[in-house]
Amino acid sequence: MEEKYVPSAVEEKWQGYWAEHKSFKANEDPSRKKYYLLEMFPYPSGKIHMGHVRNYSIGDVIARFKRMQGYNVLHPMGWDAFGMPAENAAIQNKSHPAKWTYENIAYMRGQLKTLGLSYDWDRELATCDLDYYKWEQRIFLEMYKKGLAYKKSSAVNWCPKCETVLANEQVEDGCCWRCDSPVQQKELEQWSFRITNYAQELLDDTYKLTGWPERVLTMQRNWIGRSTGCEIDFPLENGLGKIKVFTTRQDTLFGATFMSLAAEHPLALDLASDAQRAEVAAFIDKVKKTDRIKRGAEDLEKEGVFTGSYCINPVTSTKMPIYLANFVLMDYGTGAVMAVPTHDQRDFEFARKYNLPLKVVIQPEGETLDPATMTEAYTAEGIMANSGRFDGMGNADAKEAIADFLEKEGIGKKTVNFRLRDWGISRQRYWGNPIPVINCDLCGVVAVPEADLPVVLPMDAEFTGEGGNPLARVDSFTTCTCPQCGETARRETDTMDTFVQSSWYFLRYCSPKFSAGPLDREKVEAWMPVDQYIGGIEHAVLHLLYARFFTKVLRDLGYCNVDEPFSNLLTQGMVIKDGAKMSKSKGNVVDPNALIERYGADTARLFSLFAAPPEKDLDWSDQGVDGSYRFLNRVWRLVYDVLPVIGEAGSVNPGELGAEAKKLRRAVHKTIKKVSEDVEERFHFNTAIAAVMELVNAIQAFAAKDAPENVAVVREAVESVVRLLAPFVPHFAEELWFQLGHASVLEAAGWPGYDAAAVVDEEVTVVIQVNGKLRSKLTVAPDAKEEEIRAQALADDKIKPYLEGKDVKKVVYVPGKLVSIVVA
RNA sequence: GCGAGAGUGGCGGAAUUGGCAGACGCACCAGACUUAGGAUCUGGCUCCUCACGGAAUAGGGGUUCAAGUCCCCUCUCUCGCACCA
């Protein structure tokens, strides 16, 4: 054994061994329990960053731990490889996105291998591989045939810098989630997935996801945004039609005194009287422009304009003026709101501003509201008033009663409304999966026939950065014949949102080479669902909601039988340095390469696991890394030092140990117990590692290491340290295990179990409190009688002075823990 | 504004069920070995106090023999949502 720990030599050796033996290849094996472990796959941006190191180190601990426990572990890795940075790089370097992407993948794959992560590399996939995206095209067409993929013209979020459409989820603070440019509104024909068909199931199933963090589920539930209420028709005064509203407050219907429409409402301009027309048109224009910048801006003043038309409140028959209002959103509900200023704060402000009538229909108990003196809307519970036959009811009951009444009268009906919108997947970019349809002047949209699939991305596109989608300028691609009528037609040039690819890659990993379809059902059933998924919290809604949706769609298309893809979700925190997220502009980036070169992968892994529990942000500290490195060196030296004496040691004979040796052995087994629990039940790797450090300190403090009667205990202790460290620092542990003379690898050795008899304490410390303050301690046998301990506590030399001249009111005894004496 | 989470030494963090607050590591201090130390080893290290002891888990109140942990109020920070009718 080398005296000095040389990480590069050790790591090279074992990485070579693992590659050569395909140590992490996963095969279906019904005789063993399966465990599918997955970390979110990276975008091949060029090189890995510390966030990746952390994410994948966490995953690797679990993978290796589960393997040592005997599970059949599937642990795959791949590349989320389509997307704009590749296209931007192509423009800059006058190159091709494919070249850039595959070069990055090659480099980053090398980096991941350098970290010693235990992936089954035979399952590696890149979403830009034809062999991946062609199957997605097939899924798309099946969705199209079922009406789950459709084309519609709509106002979309448009990023002027990326020159592409963004889903609502991809707009953050009115800006593009990727490049941060202000998002504009634009009317465009685009493809969508009908995720709203699954809104209810996506919501319901959040309650089955008991292994997910509550805040992720809350975010998804809020995003889906289910609310129950009524749709109510308000006839126009002129008798020419009606306005449909959605409300959750049908109990306030009798108090509706005016109507507010979104500026984009289809009737907005039609309703304008001649006198109001100019003003209405100007308002619509203004709102649309505001929209572009930031309609959701804080405290945007409520503004509106009278259309000049009226509708009729269907239950009171009063005339209600129709306004356009800037706070009414076209894409929620029906784009029209019945305004009840007395019981809705927005309507209240609007009514005060434009002098509209107020009518109280809910009175708080023991109080009478007067519309003339109200300073804000009353939105809480109360008793119905001015509401005809519903007067006197509690408003909660009236909600139900009025809904029934509306249905009976044919004025309205109960409905459920969701905030969730359909998922717009069209992107006007080249580097994505081409949507496999053809636009024919005669036949309209025609699906590409299955025999003509796949639609291959042409390699001869030009990347100039100008003129929008490069794909649209490749004539050989766009020009085609209509499969239906045979006339010349134009191929669709929109590509799919990259979130589509990441919505089913975890399924494809189960049968990555399957050539008869996207998924081999048998394999999928063998591995799915993912037992543990690990990734950043930033995907709480986007990726994780889409992936859940897609899984359900694939289930309904008959590809799998899974309802939910991820049984357990771990959202790891960010890597922070000097109080900020690592970024080039802050100059606080730590380069994994430099770290590995200087300390080795094991130290990099160890520190990123030790510095904080996985779900918390990790504060990077260069000195902390030194500490982790020192620890490994200490363990190496310990093994080096004791190796000559423990080489021939047999197994421990617990009955023949001296007191000190017994104590060491107890520490060993207690540590095994604690590390097992910390890793298995809590993923608290920081405390697990701390426990091993304590054990190492204890071994070092154990004086008579080389006494013949102790060598077996020392060997057991040292070997336990090595085995317990295996998931965290795999190369390091494997090498020491080898040096300790083992012919087989650590995985074969398995995760150590603890000896229940060895962890039992020979004596326990019982603390003695007087009036809640710690005054003394007793050392007693674990099976000491309660009376004895109580008596000893009261007779204790340090306790006596506190009892003198006082009454002992009460003595509380907690077995094996403490005696609490209350005196007065 | 609404919702969720957090606040513990100089720092990262422990304390799993209400039972010895500060495990483990970093930094720092002292000592040993040493030509030397950014290596290694030993010891110290919350604050106040010479000490006995006392105080302390953002602040205030409460429950309890006992509170970092449970309850109420206030403050601060982080994240998510933000006119969703």
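Below, chains carry the letters A, B, ... as their sequence lines are ordered, and counting in each starts from 1.
Residue A:Met50 contributes atom CE, which lies 15 Å from atom C1' of B:rG12 at whole-angstrom precision. Per the geometry, CZ belonging to A:Phe610 stands 4 Å off C1' belonging to B:rG25, to the nearest Å. One interatomic measurement links the two molecules: CD of A:Gln220 to P of B:rC79, which rounds to 20 Å at whole-angstrom precision. In this structure, the CG atom of A:Asp626 is 20 Å from the P atom of B:rC24, given to the nearest Å. The distance between atom NE2 of A:His684 and atom P of B:rA15, rounded to the nearest whole Å, is 7 Å. Separating the CG atom of A:Asn771 from the P atom of B:rG53 is a distance of 16 Å, rounded to the nearest angstrom. As a whole-Å value, the separation of A:Arg226 CZ from B:rA85 P is 13 Å.
For the pair A:Arg421 and A:Tyr332, the cation-pi criterion (under 6.0 Å, within 45° of the ring axis) is not fulfilled. The cationic atom of A:Lys302 (NZ for Lys, CZ for Arg) lies less than 6.0 Å from the six-membered ring centre of A:Phe327 and within 45° of the ring axis.
Only the C1' atoms considered, B:rC47 is 8 Å distant from B:rA56, to the nearest whole Å. Look at the P atom in both B:rC33 and B:rC26: the space between them is 24 Å, to the nearest Å. Going from the C1' atom of B:rA14 to that of B:rG25 covers 11 Å, rounded to whole Å. Straight-line distance between the P atoms of B:rC50 and B:rC65: roughly 37 Å, to the nearest whole Å. Comparing the C1' positions of B:rG22 and B:rG13 gives a spacing of 10 Å, expressed to the nearest Å. Separating the C1' atom of B:rG5 from that of B:rG19 is a span of 27 Å, rounded to the nearest Å. Rounded to the nearest Å, the gap between the P atom of B:rA6 and that of B:rU69 is 13 Å.
Below the 3.5 angstrom threshold, one finds a donor paired with an acceptor across the side chain of A:Lys302 and the base of B:rC83. A:Lys616 contributes no side-chain N or O that forms a donor-acceptor pair with the base of B:rU78 under 3.5 Å. Counting atom types as modelled, A:Lys810 pairs no side-chain N or O with a base atom of B:rC65 as donor and acceptor under 3.5 Å.
An OP1 or OP2 oxygen of B:rA14 is reached within less than 4.0 angstrom by a side-chain nitrogen or oxygen of A:Asn686. Distances shorter than 4.0 Å separate some side-chain N or O of A:Arg634 from OP1 or OP2 on B:rG25.
Within the 4.0 angstrom heavy-atom criterion, no nucleotide atom of any strand lies near A:Lys809. Within the nucleic acid shown, A:Asn417 has no heavy atom closer than 4.0 Å to any nucleic acid atom. A:Asp617 comes within 4.0 angstrom of the backbone, heavy atoms only, and of no base. Residue contacts for A:Gln769: at a heavy-atom cut-off of 4.0 Å it reaches a base atom on one of the strands shown. As judged by a 4.0 angstrom heavy-atom cut-off over every strand, A:Lys4 is placed among residues making no nucleic acid contact. Nucleic acid contact class of A:Arg346 (heavy atoms, under 4.0 Å, all strands): base. Note on A:Val822: only backbone sugar-phosphate atoms sit closer than 4.0 angstrom, heavy atoms only; bases stay farther off. If you check every strand for non-hydrogen atoms under 4.0 Å, A:Asp344 touches nothing. Within 4.0 Å (heavy atoms only), A:Ser227 reaches sugar-phosphate atoms of the nucleic acid but no base atom. Residue A:Arg775 is classed as a sugar-phosphate contact, given heavy-atom separations below 4.0 Å to backbone atoms only. Using a 4.0 Å heavy-atom cutoff across all strands shown, A:Gly333 reaches no nucleic acid atom at all. Looking at heavy-atom distances under 4.0 Å, A:Asp619 makes contact with sugar-phosphate atoms alone, never a base.
Where A:Ala336 and A:Glu694 meet RNA chain B, the nucleotide closest to each residue was compared, and A:Glu694 sits on the side nearer the 5' end. Looking at which nucleotide of RNA chain B each of A:Gln700 and A:Thr687 is closest to, the 5′-most match is held by A:Thr687.
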For A:Glu677 and A:Lys673, run salt bridge (charged side-chain N to carboxylate O under 4.0 Å, His left out): C-alpha distance rounded to whole Å, both residues' side-chain angles, the deciding distance at 0.1 Å, then the answer. CA-CA 6 Å; A:Glu677 287 165 359; A:Lys673 182 167 190 273; 3.6 Å; yes
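Nucleotide B:rG19 is matched to B:rC65 when pairs are restricted to Watson-Crick or G-U wobble geometry with both distances under 3.5 angstrom. Nucleotide B:rG80 is matched to B:rC2 when pairs are restricted to Watson-Crick or G-U wobble geometry with both distances under 3.5 angstrom.
Using modelled atom types, one finds no donor on one side chain facing an acceptor on the other under 3.5 Å when comparing A:Asn417 with A:Ser227. Judged by distance alone, the side chains of A:Gln769 and A:Arg775 never bring a donor and an acceptor atom under 3.5 Å apart. Residues A:Ser608 and A:Arg54 have side chains that never bring a donor and an acceptor to within less than 3.5 angstrom of each other.
Using bins of under 30°, 30° to 60° and over 60° for the plane-to-plane angle, the ring pair A:Phe732/A:Tyr5 lands in the perpendicular bin.
For B:rG7, the base adopts the anti conformation, since its glycosidic angle falls more than 90 degrees from zero. B:rC52 adopts a syn glycosidic conformation, its chi angle falling within 90° of 0.
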